[in-house]
Amino acid sequence: MIDFLPEQVRTLNELETATFNFILSNLSSIDKMSVRQLAQAVHVSTATVMRMTRKLGFEGWVELKYYLKNQNQLTEIPVNYYENLLQLDLFLRKITSKEAGRKLEEAVKLIREARYIIFIGVGSSGALAEYGARYFTNIGLESYAISDPYQAVKGKGAPDVLSIVLSASGETDKIIERVVKLREEAPAKIISITNHPETTLSKLSNINLTYGFQTEYSAYDPLENLTSQLPVIAFIEILAHQAMEKDDKCN
């Protein structure tokens with residue numbers, strides 16, 4: 001089985017990670033590709049490919065190809081597992097950017113100003129809403145969860161109530177209906193966490209946080225969204241800790 005050390009993979013930058021991901025997803029054909037052909041396929045420079053191979057512990061592309069070709073169990077590589085890890089790695093790098101940092105700061109400010117916080121979601125996002133409310137409460141931020149779209153909202157319309165709405169698609173009808181009703185109250189404050197930025201939910205929110213993972217649906221039930229929710233958990237925990245850290249500094 002192919003084995004790359006996690007510490008080696010973590011050293012890859014965004015373009016090198018994209019190249020690595022392409023290799024893992026095209027194991028049956030990459031042994032016929034030259035370094036230039038690989039670079040063209042991923043839309044990177046040959047220098048990027050060579051840097052990636054060295055960071056993975058190989059002298060160059062030929063040596064890495066030889067390693068891949070001579071493994072005995074190539075078909076057993078958990079490609080989706082690697083893809084999720086790589087997407088998560090890219091996400092964690094992106095949230096350290098200035099733009100992401102600015103949005104997180106704005107979200108943390110709303111959290112600190114709120115008397116209590118409502119997490120809203122349905123389905124899998126409902127389970128994450130429960131997790132978020134529990135995590136926030138355990139860290140000292142009064143919160144509760146709504147996973148039933150028809151449940152009444154405590155303190156609806158109050159200026160010091162913050163809603164954190166979770167939806168991978170950002171287009172779930174029941175969630176949109178709930179947020180529209182919240183928006184009818186002038187002081188409504190809403191943070192949404194969605195997979196992509198251009199959604200109905202994001203447009204209804206004061207602040208929208210996105211993670212940009214590849215959308216995945218169930219082969220068993222094509223209507224079920226299986227997109228990884230690891231970034232949502234990361235957002236929840238980062239926001240909670242940053243809000244409490246700022247509170248500690250102010251006290």
*asked:* Is it the case that over 12 heavy atoms from other parts of the model lie below 6.0 angstrom from the CZ atom of Arg134?
replied: no
*When rounded to the nearest 0.5 angstrom, what distance separates CZ in Arg178 from CD1 in Ile190?*
11.0 Å
*From CA spacing to verdict: side chain to side chain contact (heavy atoms under 4.5 Å, CB included), Tyr135, His241*: CA-CA 10 Å; Tyr135 196 91; His241 281 279; 2.8 Å; yes
*Looking at side-chain heavy atoms only, is the closest gap between Leu204 and Val180 below 4.5 Å?*
yes
*Mind running side chain to side chain contact (heavy atoms under 4.5 Å, CB included) on His43 and Phe22 for me, showing each step along the way?*
CA-CA 11 Å; His43 306 293; Phe22 179 89; over 6 Å; no
*Does the gap between the ring centers of Tyr116 and Phe136 come in under 6.0 Å?*
no
_Does Glu59 have more than 12 heavy atoms from other residues, nucleotides or ligands lying within 6.0 Å of its CD?_
no
*asked:* Given 3.5 Å as the limit, does a donor-acceptor pair link the side chain of Ser163 with the main chain of Val165, or not?
replied: no
_Minimum-distance pair of heavy atoms, taken over all atoms of Thr199 and Glu171_ = CA-OE2, 3.3 Å
*Pair Arg102 + Glu99: basic N to acidic O under 4.0 Å*: yes
*Go through the side-chain N and O atoms of Ser45 and Thr48 and say whether any donor and acceptor fall under 3.5 Å apart.*
yes
*Would you call Lys109 and Glu113 a salt bridge, using N to O less than 4.0 angstrom?*
yes
_N-O pairing of Arg115 and Glu142 below 4.0 Å_ = no
*Does Asn195 reach the main-chain N or O of Ser169 with its side chain, forming a donor-acceptor pair under 3.5 Å?*
no
*Hydrophobic cluster identity match, Val49 and Val62, side-chain contacts under 4.5 Å*: no
